[in-house]
Amino acid sequence: MDSTHPRSGHRFARLPAVLASLAVVAGMVAAPAGAAPAPVAPIDQSVLMGQVVPGLVDINTTLGYQGATGAGTGIVLDPNGEVLTNNHVIEGATDITAISLANSQTYAVDVIGFDRANDIALVRLRGAFGLPTANIGTSSNLGVGQPIAAIG
């Protein structure tokens, strides 16, 4: 979660945390003793970003005490604005807005539900429609040695 730095008063860089912590893991599986690992083509990060960014939102919150603000990111699950985020991003907020990275539009946000124990929340962007959704993958089709990208 991005927030205002208490000493400088400057907001940290607002790149979505999902993108800021992009970790690309390729060919990290150990080869059998004496065998050289098979060459693995690197993942094209610009193509990956082009596929991921449209399904994300920046979430901005106002906390009712001391004028504090917070920020985080969310993943668009439904074209009509259902977004998955972390509970800690929205917890205690008195006002929540989200900016779609697909269309740069700002939406008021309603909290649908949350689970503090698992730090997840589901929110809805008021008036949203036709948003691109995140392509949620599965590891069930991966094979040993295939390149992967972990975002989060």
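All values below come from the heavy atoms of this structure, side chains included, with hydrogens, waters and symmetry mates left out. Source: prediction; values computed, not measured.
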Go through the steps to decide whether Val111 and Ile96 satisfy the test side-chain contact (heavy atoms from CB on, under 4.5 Å), and finish with yes or no.
CA-CA 9 Å; Val111 176; Ile96 308 170; 3.8 Å; yes
Locate the shortest heavy-atom distance separating Ala93 from Thr61; write the atom from each residue and the value.
CB-CB, 3.8 Å
Quick check on Asn135: does its CG atom have over 12 non-hydrogen neighbours (other residues, nucleotides or ligands) under 6.0 Å away?
no
If you take all heavy atoms of Ala98 and Leu125, which pair is closest and at what distance?
CB-CD2, 3.5 Å
Output the distance between atom CD (Gln146) and atom CG (Asn141), rounded to the nearest 0.5 Å.
8.5 Å
A side-chain contact here means heavy atoms from C-beta on lying under 4.5 Å apart; do Ile99 and Thr97 qualify?
no
Interatomic distance, Leu131 atom CG to Leu56 atom CG [nearest 0.5 angstrom]:
11.5 Å
The test is side-chain contact (heavy atoms from CB on, under 4.5 Å); show your working for Ile120 and Asn87 and say whether it passes.
CA-CA 5 Å; Ile120 58 171; Asn87 182 63; 6.0 Å; no
Whether the side chain of Asn86 engages the backbone of Asp119 through a donor-acceptor N/O pair (distance < 3.5 Å, no angle test) should be reported.
yes
Could you list the donor-acceptor pairs under 3.5 angstrom formed by side chains in residues 74-82, with sequence neighbours left out?
unit_1 : atom_1 : unit_2 : atom_2 : d
Asp78  : OD2    : Asn80  : N      : 2.8
Glu82  : OE2    : Arg124 : NH2    : 3.0

Starting from the C-alpha separation in whole Å, work towards a yes-or-no answer on side-chain contact (heavy atoms from CB on, under 4.5 Å) for Thr94 and Leu63.
CA-CA 5 Å; Thr94 54; Leu63 306 171; 5.7 Å; no
What pair of heavy atoms forms the shortest contact from Gly50 to Pro54, and how long is it?
O-CD, 3.3 Å
Does the side chain of Tyr107 come within less than 4.5 Å of Val83's, by heavy atoms?
no
Taking Val57's backbone N and O only, do any of them form a donor-acceptor pair with Thr73's side chain (distance below 3.5 Å, no angle check)?
no
With a 4.5 Å cut-off on side-chain heavy atoms, are Thr69 and Asn60 touching?
no
Close side-chain approach of Ile90 to Thr85, heavy-atom, < 4.5 Å
yes
